[in-house]
Amino acid sequence: MKLLFDLFPVILFFIAYKLGNQNPELAAALATQWLGGLVSGGQVSAQEAATLWATLIAILATVAQVAYLLLRGKRIEPMLWISLK
């Protein structure tokens, strides 16, 4: 179970990347709308949209893991802290 918990952000990254590549135009449109301020020119291309979404999902999943562990009063592994930074 711990292995699945540790791999949670990685699994979500690949799922989001796969979904973004299946419909790149939609992923680019949503990424431009929501994340356009993070890229130069404010326009996210179809080639980079899947990577941008997958990275955002992985970061949010890692933050959720840390928050969950903090709320449960459990020890946070150093590697999880490193991956969050």
Side-chain angles (χ1 to χ4, degrees):
M1 191 66 180
K2 182 176 176 347
L3 179 65
L4 182 61
F5 183 77
D6 289 342
L7 290 177
F8 178 67
V10 176
I11 293 167
L12 288 182
F13 175 89
F14 285 113
I15 290 171
Y17 186 78
K18 177 82 169 161
L19 291 174
N21 277 332
Q22 287 179 350
N23 197 347
E25 293 81 24
L26 178 62
L30 289 173
T32 298
Q33 180 182 357
W34 291 94
L35 307 170
L38 300 175
V39 295
S40 177
Q43 186 73 22
V44 179
S45 70
Q47 292 85 14
E48 61 189 12
T51 305
L52 189 61
W53 277 116
T55 303
L56 177 67
I57 296 295
I59 291 170
L60 293 175
T62 305
V63 168
Q65 276 184 320
V66 170
Y68 174 78
L69 290 172
L70 285 174
L71 289 173
R72 301 275 299 179
K74 296 192 176 193
R75 181 177 177 268
I76 299 171
E77 299 290 328
M79 196 55 164
L80 186 56
W81 280 120
I82 292 169
S83 67
L84 183 60
K85 294 179 181 187

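Because the structure is a prediction, the values reported are computed rather than measured.
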Side chain proximity check, I57 to I15, heavy atoms < 4.5 angstrom: no
Under 3.5 Å: donor-acceptor pair, side chain of T32, backbone of Q43: no
Nearest non-hydrogen partners of A31 and A49, listed with the distance: CB-CB, 4.3 Å
Shared hydrophobic cluster for L26 and V44 (ILVMFWY, side-chain gaps under 4.5 Å): yes
Inter- and intrachain pairs under side-chain hydrogen bond (donor to acceptor under 3.5 Å, both in side chains), touching residues 46-57, at least two apart: S45-Q47
Approximate separation, where rounding is to 0.5 Å, of T62 OG1 and F13 CZ: 11.5 Å
Least distance between heavy atoms, A54 atom then A16 atom: CA-CB, 3.8 Å
Sequence neighbours excluded, every pair satisfying salt bridge (charged side-chain N to carboxylate O under 4.0 Å, His left out) that has a member inside residues 5-21: K2-D6
Residue list, side chain to side chain contact (heavy atoms under 4.5 Å, CB included) with F8, at least two apart or on another chain: L12, A61, Q65
Whichever hydrophobic residues join M79 through chains of side-chain contacts under 4.5 Å: I82
By salt bridge (Lys or Arg N to Asp or Glu O under 4.0 Å) - contacts of R75 (at least two apart): E77
Co-membership, hydrophobic cluster, residues L4 and L7, 4.5 Å side-chain: yes
Non-neighbouring partners of L70 that pass side chain to side chain contact (heavy atoms under 4.5 Å, CB included), sequence neighbours left out: V66, I76
CG on L30 to CG on L52, rounded to 0.5 Å: 11.5 Å
